[in-house]
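Each remark here refers to the structure printed beneath this line.
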Amino acid sequence: MTRTLTTAVKNELATDSLQPITLVYINVGSGSRFTDHYKNVTYDSNTYTSSSLFTKLSSVTESSEIEVSNITLTFTGADQTITSLFLNNIYLEKEAEVYKGFLNSSEQVIADPFLLFKGRIESFSIDESINKSDVNVVVASHWSDFSKIEGRKTNTGSQQLHFSTDKGFEFASQTVQDIKWGRP
């Protein structure tokens, strides 16, 4: 994915004192925004909530090939806020975005954070032990549906899922041999 950095970001990257931040948007429920900064951050008229729970973002890899890439967002010490977000809402295929940005010396967001990763939520898991509780959210790129097979199959079992008494495909496997479309 080609990224264009604003002049302000390029100038900030040239300084000796960088203050990087991560901004995460998860479109589950009414939508949730998190940042790894120690206080709330406002960007593009949206407030990203400072959360000690959002602790890790897996590395983001890119390739010139068409491939399914994914990232894992980890919420450590996850309390009911995070777990109930996923347990009480439909989360599969919901959009998630991760932005990387920088703050200036006044702790204001330098225009404009760049989109590091965008995809759809593929899964979430809760990893609990006596000492810790982690919620891992896997977000896959839009290529994750590229090889997905949608729709119905032309067999009796698939047909009867929708029409329980229909026997229209009962002899379909035998009839295919008689059709000469494009075959010698």
Side-chain angles (χ1 to χ4, degrees), residues 1-3 22-34 44-49 51 53-100 114-129 132-184:
M1 165 174 30
T2 304
R3 291 190 187 86
T22 305
L23 305 174
V24 175
Y25 170 66
I26 300 173
N27 188 20
V28 175
S30 58
S32 299
R33 298 175 195 281
F34 302 97
D44 201 23
S45 301
N46 295 307
T47 299
Y48 291 81
T49 306
S51 175
L53 304 176
F54 172 59
T55 58
K56 192 166 64 172
L57 170 69
S58 66
S59 61
V60 177
T61 58
E62 293 183 346
S63 170
S64 59
E65 303 296 317
I66 296 175
E67 64 182 17
V68 177
S69 58
N70 61 28
I71 60 167
T72 302
L73 307 170
T74 301
F75 296 87
T76 299
D79 62 2
Q80 286 299 85
T81 309
I82 302 299
T83 54
S84 66
L85 178 67
F86 289 95
L87 293 176
N88 297 327
N89 293 291
I90 297 171
Y91 62 87
L92 284 176
E93 298 294 319
K94 296 293 184 176
E95 188 175 79
E97 298 173 347
V98 178
Y99 291 89
K100 202 65 166 167
F114 62 91
L115 183 61
L116 183 65
F117 193 88
K118 181 177 182 177
R120 291 187 225 120
I121 297 173
E122 189 172 77
S123 67
F124 99 100
S125 63
I126 301 172
D127 180 21
E128 287 188 317
S129 69
K132 69 174 186 153
S133 173
D134 292 345
V135 171
N136 297 304
V137 180
V138 177
V139 180
S141 70
H142 67 280
W143 292 112
S144 64
D145 285 342
F146 188 67
S147 60
K148 184 176 179 182
I149 299 172
E150 297 271 346
R152 296 171 33 198
K153 296 178 174 53
T154 54
N155 61 38
T156 303
S158 180
Q159 181 69 2
Q160 288 184 346
L161 285 173
H162 301 281
F163 306 99
S164 60
T165 59
D166 190 346
K167 296 184 179 191
F169 287 113
E170 189 172 359
F171 301 105
S173 62
Q174 295 171 5
T175 349
V176 166
Q177 297 159 1
D178 296 333
I179 301 174
K180 305 282 186 200
W181 298 343
R183 288 189 281 178

Find the distance between [atom1] ([X]) and [atom2] ([Y]) and round it off to the nearest 0.5 Å.
X	Y	atom1	atom2	result
Phe124	Ile26	CZ	CD1	11.0 Å
Ile126	Asp134	CD1	CG	10.5 Å
Ser133	Phe75	OG	CZ	12.5 Å
Leu23	Lys100	CG	NZ	9.0 Å
Glu128	Thr83	CD	OG1	8.0 Å
Thr22	Phe34	OG1	CZ	13.5 Å

Listed partners of Asp127 passing salt bridge (charged side-chain N to carboxylate O under 4.0 Å, His left out), at least two apart: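 Lys132.
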Heavy-atom closest contact (Arg33 atom, Thr47 atom, distance):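 Smallest heavy-atom distance, with atoms named: CB-O, 3.6 Å.
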Non-hydrogen atoms of Val24 and Leu73 that approach each other most closely: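 It is CG1-CD1, 3.8 Å.
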Crowding at NZ, Lys94 (>12 non-hydrogen neighbours, <6.0 Å):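 Counting neighbours around NZ of Lys94, 12 or fewer heavy atoms of other residues, nucleotides or ligands fall under 6.0 Å, so no.
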Test side-chain contact (heavy atoms from CB on, under 4.5 Å) applied to Phe86 and Ile121, step by step: CA-CA 11 Å; Phe86 289 95; Ile121 297 173; 4.1 Å; yes
Contacts of Leu85 that satisfy side-chain contact (heavy atoms from CB on, under 4.5 Å) - sequence neighbours left out: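 Leu85 satisfies side-chain contact (heavy atoms from CB on, under 4.5 Å) with Val28, Ser32, Asn89 once adjacent residues are dropped.
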Test side-chain contact (heavy atoms from CB on, under 4.5 Å) applied to Thr49 - qualifying residues, sequence neighbours left out: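 Listed in chain order: Asn40.
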Listed partners of Asn27 passing side chain to side chain donor-acceptor pair (under 3.5 Å), at least two apart: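 Expected list: Tyr25.
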Tyr48: partners by ring pair (Phe, Tyr, Trp, His ring centres under 6.0 Å), with sequence neighbours left out: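 Scan of Tyr48 (ring pair (Phe, Tyr, Trp, His ring centres under 6.0 Å), adjacent residues dropped) gives none.
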By ring pair (Phe, Tyr, Trp, His ring centres under 6.0 Å) - contacts of Tyr99 (at least two apart):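 Not a single residue meets the ring pair (Phe, Tyr, Trp, His ring centres under 6.0 Å) criterion with Tyr99.
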Pair Lys118 + Glu95: basic N to acidic O under 4.0 Å: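 Yes, Lys118 and Glu95 are salt-bridged.
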Thr74 and Asn136 side chains, donor-acceptor separation under 3.5 Å: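 Yes.
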